[in-house]
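Since the structure comes first, as structure tokens, the remarks are kept for the end.
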Amino acid sequence: MAPKYAPSLRARLPPVAFLLQTTFIVIFTFCVEIEDSRNVKENVFIYSYAKFQDIHVMVFLGFGFLATFLVRYGFSSSAFNVLVAAMAVQWATILNGILMSKHFGDSKIHINLKSLVDAELCAASALVAMGAINGKTNPVQLLIFTLIEVTGFVLNQWLIQTLFKTPIQMHWLYSTTLINIFGGLFGLMTTRVLFRSKMEPKHEKEKFGRTSGLFAMFGTLFLWMFWPSLNSALESNIRRSEKSISVLCNTYLSLAVSAVTAMAFSVLSSSKGKMNLVHIQSSMLAGGIAVGGTVTLAPAPWVAMTIGFCASLLSTLGFRYLKGHMLFAFDCHDTNGVLFVHAVPGILGWFAQLILCLASISQITV
Amino acid sequence: MAPKYAPSLRARLPPVAFLLQTTFIVIFTFCVEIEDSRNVKENVFIYSYAKFQDIHVMVFLGFGFLATFLVRYGFSSSAFNVLVAAMAVQWATILNGILMSKHFGDSKIHINLKSLVDAELCAASALVAMGAINGKTNPVQLLIFTLIEVTGFVLNQWLIQTLFKTPIQMHWLYSTTLINIFGGLFGLMTTRVLFRSKMEPKHEKEKFGRTSGLFAMFGTLFLWMFWPSLNSALESNIRRSEKSISVLCNTYLSLAVSAVTAMAFSVLSSSKGKMNLVHIQSSMLAGGIAVGGTVTLAPAPWVAMTIGFCASLLSTLGFRYLKGHMLFAFDCHDTNGVLFVHAVPGILGWFAQLILCLASISQITV
Amino acid sequence: MAPKYAPSLRARLPPVAFLLQTTFIVIFTFCVEIEDSRNVKENVFIYSYAKFQDIHVMVFLGFGFLATFLVRYGFSSSAFNVLVAAMAVQWATILNGILMSKHFGDSKIHINLKSLVDAELCAASALVAMGAINGKTNPVQLLIFTLIEVTGFVLNQWLIQTLFKTPIQMHWLYSTTLINIFGGLFGLMTTRVLFRSKMEPKHEKEKFGRTSGLFAMFGTLFLWMFWPSLNSALESNIRRSEKSISVLCNTYLSLAVSAVTAMAFSVLSSSKGKMNLVHIQSSMLAGGIAVGGTVTLAPAPWVAMTIGFCASLLSTLGFRYLKGHMLFAFDCHDTNGVLFVHAVPGILGWFAQLILCLASISQITV
């Protein structure tokens, strides 16, 4: 790969990156200020700092090492991830500030720790999308792809918030699952567009080895361990409450069930009876993604566990049996299988939320 | 190893895992509810969340990567660890809820973040025990072994709490060291039972390489760095106080001393004067384990440091000179040396606590 | 390397380490007590615990894995790092207690979590210095080197605090950047002294491979992600405030900009248009180091971002074009390039602070 685009990359990446970075600094100069810390309650600050650090680790380390199982792509994957995420965070801070902030009286954007958490959630959505085009794009393309994805994601969030000014139970549209659904489908769409331009029947970069597998396990585990913080960060956006015990416990249990299911299914679907790293990776997280849809409804633990079980099953089944067909049927080559890893569990989470909403409404009316 | 049990594993692991997982979901449906968060003080929640995350990382990442120094067992080790821990946590939540909860008026088990921390401590005890049988068992055996170990551990805790309703200083029986002593001895017992059935004079899986050594260093470091949180979680179980500065400082200092001692001794006992990863791994943690016995007594820092020094010395000496003899004298093949890594420092911690108790009583009576 | 000093190392390291460790325990016995936790506000405690854990991870894991890109030095690097840091922390606790504590009425040193954070900052300075002599010294030399460096660092801090009892804006002398400037220059001085004794024209230990590169990326990322905590820990030392939103946001943005700049420049300066791990490593952190100088002044975000941009550019330029000249012109062989990675961004941070001070004074007087 390197020999093909290397000379042109040297001529293109530095100017693009320097230009974008300078533009961002100029925008920050005229538009962004840090919020006065005297207005912030100390407890709120402390908790949001802990959540911020967890999500920070997920975005820069977890997603970066998720794709290191590709032997020939390990180091690039983690480095490009940092480059793309660092850009996405700055761009998302500006966009979020313009579209989502409430006080338009002051012309400046006021940022605080919550702004950074929100910006990292947008970056996470871009990194999900990147999974579909990993190994097929150079960093310049990745940078431009990311800026478009983040713009789309923020506009989408803004439209939902503006159009649906309805009670809290309708907030199901605006939830963690959105990060995964939007990211996954955007990545899939892009990979379909890219597919036409060049045909690569053999994907030697999809090979993985034992050492690179352990690095990928590392990234996956960090995402898996800190997913409760991600869901609770989003819940506190909606509910403005900091005591999100129900979200944390539900996400935790759902993730535990989905890890067990993913491993059992990985052994079942292997002819040699061995665990397959890529199956495990893809489906361990499905429970956390799917349960993200129901954070505002605080269902009983068994509901969260059942959602985790179904999400993991659906994700592994799709990854194992349908990923290959996608390539032939729809001209989509989805490197990390983001359709089944992120988009499908996300959509399942939406349906679960819909059913729970209907159930609670029917209970009230009866 | 894989060729031997692979076909049967494919037929056994998925049904066992799916059956157990479904059973747990059914039990959760009828018996478990999440605690109402309005009753929780915000400060208590914030601190227990930080501790919860640290212990979460220790259980799922630290213990998983501890055994990756075995070259041929690296990836399996980390994957089996997640499978076993995810099951153990669910089972421990149910058992702890039935036996340890105080309000039997309500028939439901009410869980919160503290329940998850307690469940992870039980899982940690199972993972300690697993160290003794690593590489000699298939995942189905590991799952059943884990459920038995967790049951035994919770019953043991319940017996101690029920029988000894004595003042706080007698709580020395119920402390962090118990996790290591019970886990270590249980694992040793199991490996002795397993030894009779099949003889394996050469243990090629015990080999380790440079890269796998770095992964293992990683796991060890995460356990080492977050051990203060583990000890402080247990202290807050006993004392119901959240300001555990003395526990944190003492555990920290004891761990620092035990790391230095382990490395110095590792160089001393090597004929080439090189550090041996396995010695370092085994003895760096000894200080944290041993000082766990004295958390409720808050001794002076030098006492904690001396305990760390002795624990590390005892652990390295045992690991270096007695592990080989164990195999011939008692038919015990202890893969990770859990006897000397966990059980012996734990017992040392108990003795230290006994001596400190006697000293404080004699001071009061004089 | 091992065959050369191995036999003598076996005879020297254990006695030196045991002697030092015993001495420290004896000093702790007579001089150190843990602070009474009843005097500590709960909120302060909780936040300082979170910061403490972040810095703990940086010192023992981040710095340890930073040098693992050297293929033949990976495991030693992480092990020596723990040995040296564990010693440095104990020695710094004692020295800080004697020189920096205010209440001389009591003869004892009272330690708490803040003491441990301060001690880890001193250890960090020693680890920065160690970067210059990595791979050229044995552990005994490293231990002695570390004790001298920590002594120098604490004395230096004490002198600055004692001589300049001026308003808060003069505290610029005593800031995070000091850790990097003092550490970097001390390391450089040592490597120059060591250079005379033995000539090594070829440095085969400077080679790095793909796997070891990923480990190094890991260490770098942990330092990069948790750097905001480091800067905020230092700010709370000076300001005695816990709500350091401005420091956290500024450090975060500066680090993001410096990561983008480092990667763009790494591609630009490579003839093949590939990213060079060592460039990225060296310059990603420059932004965090440089902005550490301005923590007490809380500048606007764009100022922090500009500082990050300049620091990263200066650091990569120096590393790429001047590191080679250093060897020939000044007889300095600087293994990890600490001059350009730590000292230069630190000095840049000082200048930035000076300019900001002058600007704010001129604003007031006008």
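By convention in this document, chain letters (A, B, ...) are assigned in the order of the sequence lines, proteins followed by strands, and residues within each chain are numbered from 1.
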Item to check | Option among A:Ile34, A:Ile109, A:Thr93 that satisfies the side-chain contact (heavy atoms from CB on, under 4.5 Å) test with C:Pro301 | outcome: A:Ile34
Checklist entry - From A:Ile111 CD1 over to C:Asn250 CG, what is the distance, rounded to the nearest 0.5 angstrom? => result 7.5 Å
Item to check | Rounded distance [0.5 Å steps], OG1 in C:Thr306 versus CZ in A:Phe28 | outcome: 11.0 Å
Heavy-atom closest pair, residues [X] and [Y]:
X	Y	answer
C:Leu214	A:Phe65	CD2-CE2, 3.7 Å
A:Phe60	C:Leu221	O-CD1, 3.7 Å
A:Leu116	C:Cys249	CD1-SG, 3.9 Å

In a table with atom names and distances, give each donor-acceptor pair under 3.5 Å that connects a side chain of residues 258-265 of chain C to protein atoms at least two apart or in another chain.
unit_1   : atom_1 : unit_2   : atom_2 : d
C:Ser258 : OG     : C:Ser283 : O      : 3.3
C:Ser258 : OG     : C:Met284 : O      : 2.6
C:Ser258 : OG     : C:Gly287 : N      : 3.4
C:Thr261 : OG1    : C:Val257 : O      : 2.7

Next on the checklist: Holding to ring-ring contact (aromatic ring centres under 6.0 Å, His included), I want the full list of residues that pass it with A:Trp91, two or more places apart in sequence or in another chain.
Outcome noted: A:Phe24
Using a 4.5 Å cut-off on heavy atoms from C-beta on, say whether the side chain of [Y] contacts that of [X].
X	Y	value
A:Gln53	C:Met225	no
C:Met217	A:Phe215	no
A:Val82	C:Ile280	no

Next on the checklist: Once you measure the plane-to-plane angle for A:His56 and C:Tyr252, does it fall in the parallel (<30°), tilted (30-60°) or perpendicular (>60°) bin?
Outcome noted: tilted
Between [X] and chain A, which part of the residue has a heavy atom less than 4.5 Å away: side chain, backbone, both or neither?
X	result
C:Phe226	both
C:Ser266	neither
C:Leu255	neither

Checklist entry - chain C heavy atoms under 4.5 Å from A:Val32: which part of the residue, side chain, backbone, both or neither? => result both
Next on the checklist: Report which part of A:Phe218 has an atom under 4.5 Å of a heavy atom belonging to chain C: side chain, backbone, both, or neither.
Outcome noted: side chain
Next on the checklist: As a quick check of understanding, evaluate side chain to side chain contact (heavy atoms under 4.5 Å, CB included) for C:Leu248 and A:Phe52, giving each step before the final call.
Outcome noted: CA-CA 11 Å; C:Leu248 291 172; A:Phe52 165 69; 5.6 Å; no
